[in-house]
Amino acid sequence: MQNFIVIDNATKKYGDHIGNFNININIKKGETFAIVGPNGAGKTTLIRQILGFIKSDEGTVAINNFNSWINREEIMKFTGYVAGEISLYDDFTGIKFLKLVSKMKKDSDWQFVEKLIKHFDLDASRKIKKMSKGMKQKIAIIAATMNKPAFLVLDEPTSGLDPIMQQKFKELINKLKKEFSTTIIICSHIFEEVINFSDRVGILKKGVLIDEYNVGKTGIKELNKKFKKIFEEEGVL
Ligand SMILES: Nc1ncnc2c1ncn2[C@@H]1O[C@H](COP(=O)(O)OP(=O)(O)OP(=O)(O)O)[C@@H](O)[C@H]1O
């Protein structure tokens with residue numbers, strides 16, 4: 001099968017060991033690839049390169065054969081993105097915001113939005129500025145997934161959610177994978193946040209992809225050990 005995502009030697013330098021260096025990742029359609037690494041490892045920078053928000057100094061990223069820097073608008077048509085730092089229209093109610101996003105997205109399905117609001121037990125009638133972090137997170141997740149995107153990018157998506165809602169999030173991701181073959185990139189500094197539904201995981205340290213594993217083949221227990229060791233070496237535990 002052809003690769004849906006090809007990250008070829010992507011480099012973005014902000015300084016010595018700061019940024020990303022010669023990243024190579026291939027992801028097939030329908031696969032979920034997790035990027036795990038400590039704070040400052042370069043995860044968000046890589047996501048920004050992938051989405052064409054910043055230009056790589058070297059190398060290229062292609063999504064479904066579109067160059068992410070040159071064809072960003074084309075890519076955005078079939079891509080959903082939950083950013084690490086969520087910014088929404090504060091004066092809108094949740095519903096008004098979701099309606100606006102739904103109008104902007106070509107294939108959005110309002111019935112699916114209503115299902116998602118129920119699924120996440122969200123009171124979307126409140127103004128966004130009065131919402132908790134978790135509620136805003138739910139709005140961002142619904143906005144990113146309402147059109148069942150072919151490609152979904154998630155930057156620490158469950159950081160504001162309680163364990164029940166994290167489970168509900170996993171159910172949504174599994175549905176998108178199963179029913180719509182969505183290709184997913186998810187990044188986090190929390191191993192447990194991503195590992196259960198990822199097919200492969202890459203470990204990013206100081207901007208270098210130091211290891212890549214097949215989750216099924218290596219096993220979650222073994223991966224947990226490897227990841228803990230890296231965090232210990234970084235002195236963050
Ligand atoms: N625009 C920028 N200018 C200069 N340095 C930057 C810029 N953006 C990111 N950096 C630096 O690049 C490094 C990687 O940042 P990045 O946000 O990609 O890491 P991360 O792995 O996503 O971390 P976190 O888990 O804390 O979000 C950090 O040292 C950060 O300070």
Side-chain angles (χ1 to χ4, degrees), residues 5-25 27 32-61 63 68-69 72 75-76 79-88 133-134 136-141 143-144 151-162 165-166 169-170 173 183-198 200-213 215 223-224 226-237:
I5 296 162
V6 178
I7 303 173
D8 181 16
N9 203 34
T11 296
K12 179 76 197 175
K13 293 177 196 158
Y14 290 121
D16 285 349
H17 307 292
I18 304 175
N20 281 315
F21 305 91
N22 311 99
I23 306 286
N24 290 292
I25 302 173
I27 304 172
T32 299
F33 192 95
I35 301 163
V36 184
N39 291 126
K43 303 181 293 295
T44 301
T45 303
L46 184 57
I47 278 184
R48 291 189 176 134
Q49 288 165 270
I50 291 168
L51 292 171
F53 297 163
I54 54 174
K55 192 172 189 291
S56 297
D57 297 324
E58 287 167 39
T60 55
V61 180
I63 316 288
S68 66
W69 179 246
R72 185 185 144 189
I75 290 169
M76 279 303 151
T79 299
Y81 171 46
V82 178
E85 299 279 321
I86 292 171
S87 62
L88 308 166
K133 184 171 184 251
K136 287 182 190 172
Q137 198 85 24
K138 290 176 189 179
I139 298 255
I141 291 168
F151 179 37
L152 184 61
V153 181
L154 304 161
D155 192 349
E156 316 236 352
T158 59
S159 56
L161 302 183
D162 62 42
M165 289 303 148
Q166 289 195 16
F169 171 77
K170 278 181 196 160
I173 295 302
T183 308
I184 302 171
I185 292 182
I186 180 166
C187 80
S188 180
H189 64 281
I190 304 164
F191 178 78
E192 290 77 11
E193 184 178 5
V194 300
I195 206 65
N196 287 321
F197 52 78
S198 296
R200 285 190 295 140
V201 56
I203 299 182
L204 200 63
K205 185 178 169 184
K206 293 185 178 145
V208 178
L209 190 74
I210 56 169
D211 276 314
E212 197 191 302
Y213 299 98
V215 177
L223 283 171
N224 205 350
K226 289 181 193 294
F227 189 65
K228 277 215 168 101
K229 191 164 168 268
I230 288 161
F231 261 42
E232 276 160 17
E233 282 166 9
E234 287 277 293
V236 290
L237 273 187

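In each ligand, atom 1 is the first atom listed, and ligand 1 is the first ligand listed. Excluded from the calculations below are hydrogen atoms, water molecules and symmetry mates; all remaining heavy atoms, backbone and side chain alike, are included.
The side-chain heavy atoms of F169 and L154, taken from C-beta on, include a pair separated by under 4.5 Å.
Taken to the nearest 0.5 Å, the CD1 atom of I54 stands 8.0 Å off from the CG atom of N20. Between the CD atom of E193 and the CD atom of Q166 there is a distance of 6.5 Å, given to the nearest 0.5 Å.
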Filter the ligand 1-protein atom pairs down to N or O on both sides and distance under 3.5 Å, then list them.
unit_1	atom_1	unit_2	atom_2	d
ligand 1	18 (O)	T44	N	3.4
ligand 1	18 (O)	T45	N	2.9
ligand 1	18 (O)	T45	OG1	2.6
ligand 1	19 (O)	G42	N	3.2
ligand 1	21 (O)	A41	N	3.0
ligand 1	21 (O)	G42	N	2.9
ligand 1	21 (O)	K43	N	2.9
ligand 1	21 (O)	K43	NZ	2.8
ligand 1	22 (O)	T44	N	2.9
ligand 1	22 (O)	T44	OG1	2.8
ligand 1	23 (O)	G40	N	2.7
ligand 1	25 (O)	N39	ND2	3.0
ligand 1	25 (O)	K43	NZ	3.0
ligand 1	26 (O)	N39	ND2	3.1

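The list of salt bridge (charged side-chain N to carboxylate O under 4.0 Å, His left out) pairs with a residue in residues 40-52, not counting sequence neighbours, is empty.
In this model, a donor atom of one side chain and an acceptor atom of the other lie less than 3.5 Å apart for T44 and D155.
Annotation for K170: atom NZ counts as buried by contact number, over 12 foreign heavy atoms lying within 6.0 Å.
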